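Working notes, beginning with the structure itself.
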Amino acid sequence: MSSLRHFVMKAEARRLYRDLLRALRGSDAATAAGVRAHARELYALHASETDLEQIRILLVDGRHSLDELKSSLGTVRGRARRRSFGGAV
């Protein structure tokens with residue numbers, strides 16, 4: 001049973017990484033490169049983790065961090081759009 005849970009959590013980790021890459025679309029190249037590099041480092045650091053509870057915690061923390069990133073990128077993108085249309089910031 002635990003191998004099935006590991007499989008599911010591994011799939012969730014891949015989904016989280018793909019969601020991160022999607023969230024970075026449209027952001028400036030330097031920011032995107034830095035965030036991608038940091039995410040790769042974290043994934044490599046925890047790749048050998050086998051404790052299911054710790055993996056779950058890492059995934060929840062990663063999802064929370066992604067939500068915060070999306071929020072801050074959305075704010076920055078919104079400001080850039082307002083400027084491009086002549087609106088005040």
Side-chain angles (χ1 to χ4, degrees):
M1 183 71 154
S2 68
S3 62
L4 176 61
R5 291 189 66 198
H6 277 102
F7 175 79
V8 170
M9 288 186 168
K10 192 173 184 178
E12 187 174 340
R14 283 191 303 269
R15 184 178 329 113
L16 182 61
Y17 186 73
R18 286 190 306 268
D19 289 346
L20 170 70
L21 296 178
R22 284 186 201 102
L24 291 173
R25 287 183 189 155
S27 62
D28 67 279
T31 299
V35 171
R36 275 193 305 267
H38 181 69
R40 276 192 223 107
E41 288 173 14
L42 289 176
Y43 275 82
L45 178 67
H46 298 291
S48 61
E49 184 63 61
T50 57
D51 179 35
L52 291 173
E53 183 60 21
Q54 184 61 32
I55 295 170
R56 187 192 67 76
I57 290 168
L58 290 166
L59 290 171
V60 168
D61 186 47
R63 180 60 60 188
H64 178 72
S65 296
L66 177 59
D67 290 343
E68 288 181 0
L69 177 71
K70 284 179 179 179
S71 176
S72 63
L73 287 176
T75 302
V76 170
R77 288 178 188 157
R79 287 181 184 162
R81 275 190 287 250
R82 283 193 296 268
R83 281 191 201 121
S84 67
F85 292 119
V89 176

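Just so you know, these numbers come straight off a predicted model, no measurement behind them.
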Rounded to the nearest 0.5 angstrom, the NE2-CG distance for H64 and L59 is 14.5 Å
Ignoring hydrogens and geometry, is there a side-chain-to-backbone donor-acceptor pair from H6 to T50 under 3.5 Å?
yes
Going from CZ on R22 to CZ on R15, what distance comes out if it is rounded to the nearest 0.5 angstrom?
10.0 Å
CG on L66 to CG on L73, rounded to 0.5 Å:
9.0 Å
Path from L42 to Y17 over hydrophobic side-chain contacts below 4.5 Å:
no
Greater than 12 external heavy atoms within 6.0 Å of H46's NE2:
yes
Rounded to the nearest 0.5 angstrom, the CZ-CG distance for R63 and L16 is 5.0 Å
So, taking the atom named CG in L20 and the one named NZ in K70, what distance separates them when rounded to the nearest 0.5 Å?
9.5 Å
What distance separates L24 CG from L69 CG, expressed to the nearest 0.5 Å?
6.0 Å
Quick check against the 3.5 Å criterion: does S71 have a side-chain atom that pairs as donor or acceptor with the backbone of D67?
no
Test R56 against every option in R5, M9, E12 by the side-chain contact (heavy atoms from CB on, under 4.5 Å) rule and name the one that passes.
M9
Kindly say whether D51 contributes a backbone atom to a donor-acceptor pair with the side chain of E49 at under 3.5 angstrom?
yes
Is Y43 reaching over with its side chain to a backbone N or O of A13, donor-acceptor style, under 3.5 angstrom?
yes
